[in-house]
Amino acid sequence: MTDVTRRLFMHAASVAAAAVSSGASAGTRVAGPVRVIASGNGASATQKAWELLQEGLDPVDAVVGGVALVEDDPLDNSVGYGGLPNERGVVELDAAVMHGPTHRAGGVASLQGIRHPAQVALKVLQRTDHVLLVGAGALEFARAHGFQEENLLTEHSRKIWLRWKETMSERDDWLPDPADAESPVADFFRRNSVLVEDTGRLRFRRPTGTIHCAALGAGGSMSCTTTTSGLAFKIPGRVGDSPIIGAGLYVDNEVGSCGSTGRGEANLQNLSSFAAVELMRSGASPEEAGMEVLRRIAKTTEQRLRRADGKPDFDISFYVMSKDGRYAGTSMYKGSKFAVTDERGTRLEDCQGLY
Ligand code: GLY
């Protein structure tokens, strides 16, 4: 536990103790399930965060420590090192953290050259009176705190970006490599393509992968983080939902937490993570809350983003946990998984699909 997190934790503990002595419900819970949940790419993160909780770390340090494994992973093209770049070939990262006991939050957006944006977001929470730093200011802040700059674009991600650029139009001067048809890069494009029924052709769908991770610690403290390289080949400066409190993540320590992966614009338009927690406050279960925000997104999706059958032409998922340890993963379309670690071990479970 860092010094500042320990101070925050002790402050929260004293608030909880005061609530106990005054007979209020806040803080009366002294034991309960310890659980970590994450998006489907986060099994290593939930396992690591669980181990850090067992060592006595605060949940906010546990989730940030857990997702660092995925931020480090060059094979995960949606997060940190090896993330897919913006349209100019530059990796730009977004991340946020939220600490339930103090209700404090920190985030960074459009951060370049730092592989652990969730750690920088935690520093924003701990060492500033702000919630969100962006672009050059976020990088300057990270440098001031000793974070090392590096090139986050791996050769694999560079080749994926170059092929995207070369195949985007037949009316520009960039020509794809004709020998590339069977390469790992071509395979990446096949795996991220959908069949367009009218034409029978494959259409590439730009990935919006991300990792969200939430922890419920002993005594009922909750925290969460979301970290991402955002929409692949985005316009430079595009900020998604991940660093925006209430959109890509939210926690209320008296209610529960929610975080998301998938099309960030839909969460920015619906403030989905805040909405899910508020639905739980009104009595919804984690699954009901996650399904209701999906219905709201499906209802408000504009026509150009709908398939021929009227359903949204994108996927989006929610990872929802209540303060008593109930949890759910929900997705626009069936087939997604989410990761869980608790006393039963680490596993992937099915997200409930709206469609
Ligand atoms: N949900 C990740 C993004 O849209 O940036």
Side-chain angles (χ1 to χ4, degrees), residues 37-42 45 63 67 70-71 76-88 90-98 107-112 114 117-118 120-121 132 134-135 138 152 157 160-161 164 192 204-214 224-250 257-276 290 293-294 296-297 300-302 305 312-320 329-333 336-339 351:
I37 66 170
S39 41
N41 56 347
V63 293
V67 299
V70 183
E71 291 173 327
D76 191 317
N77 295 122
S78 68
V79 181
Y81 179 67
L84 289 174
N86 67 20
E87 68 179 17
R88 288 194 204 130
V90 179
V91 180
E92 277 185 356
L93 305 175
D94 295 340
V97 297
M98 193 159 184
V108 289
S110 298
L111 176 64
Q112 298 180 6
I114 307 287
V120 185
L132 182 61
V134 306
L152 302 179
S157 289
I160 291 170
W161 166 75
W164 168 78
N192 285 284
F204 175 60
R205 196 190 257 166
R206 288 183 290 158
T208 49
T210 293
I211 178 167
H212 170 75
C213 184
C224 59
T225 183
T226 304
T227 173
T228 187
S229 50
L231 176 67
F233 323 131
K234 59 194 171 189
I235 295 175
R238 178 262 190 191
V239 174
D241 59 322
S242 303
I244 306 300
I245 302 303
L249 74 170
Y250 191 72
S257 76
C258 177
S260 182
T261 60
R263 182 178 160 78
E265 281 72 9
N267 284 335
L268 289 166
Q269 287 164 330
N270 290 279
L271 219 54
S272 314
S273 293
F274 177 74
V293 290
L294 287 166
R296 290 183 187 182
I297 290 169
T300 56
T301 295
E302 56 195 287
L305 295 170
D313 191 17
F314 56 84
D315 210 352
I316 189 163
S317 301
F318 295 95
Y319 314 98
V320 194
T330 66
S331 289
M332 190 65 74
Y333 292 99
S336 296
K337 304 266 185 196
F338 69 107
C351 289

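Order of appearance sets the numbers: ligands from 1, and atoms from 1 within every ligand. Hydrogens, waters and symmetry mates are skipped; everything else that's a heavy atom, side chains included, is used.
- Because its NZ or CZ atom is both nearer than 6.0 Å to the ring centre of Phe314 and within 45° of the ring axis, Arg263 counts as a cation-pi partner of that residue.
- Near Thr210, with a cut-off below 4.0 Å to any heavy atom, the atoms of ligand 1 are 1 (N), 2 (C).
- At least one N or O atom of Gly264, backbone or side chain, sits closer than 3.5 Å to an N or O atom of ligand 1.
- Atom 3 (C) of ligand 1 has its nearest heavy-atom neighbour, among Ile211, Asp241, Thr228, in Asp241.
- In summary, Arg238 and Glu87 do not engage in a salt bridge, as defined by a charged side-chain N under 4.0 Å from a carboxylate O.
- Looking at Asp76, Thr261, Thr210, Val67 one by one, the single match for side-chain contact (heavy atoms from CB on, under 4.5 Å) with Asn41 turns out to be Asp76.
- Tyr319 and Ser257 share no side-chain donor-acceptor pair at under 3.5 Å.
- Gly248 does not count as a contact of ligand 1, since none of its heavy atoms falls under 4.0 Å from the ligand.
- Nearest heavy atom pair, residue Ala266 against residue Ile316, reads CB-CD1, 3.9 Å.
- Distances between N or O atoms of Arg238 and those of ligand 1 include at least one value under 3.5 Å.
- Ligand 1 has no N or O atom lying under 3.5 Å from any N or O atom of Arg263, backbone or side chain.
- Aromatic ring orientation, Phe274 versus Tyr250: perpendicular (interplanar angle above 60°, classes split at 30° and 60°).
- Shown in contact with Gly262 at under 4.0 Å from a heavy atom are these atoms of ligand 1, numbered in order with element: 1 (N), 2 (C), 3 (C), 4 (O).
- Neither the backbone nor the side chain of Ser260 has any atom closer than 4.0 Å to an atom of ligand 1 (non-hydrogen atoms only).
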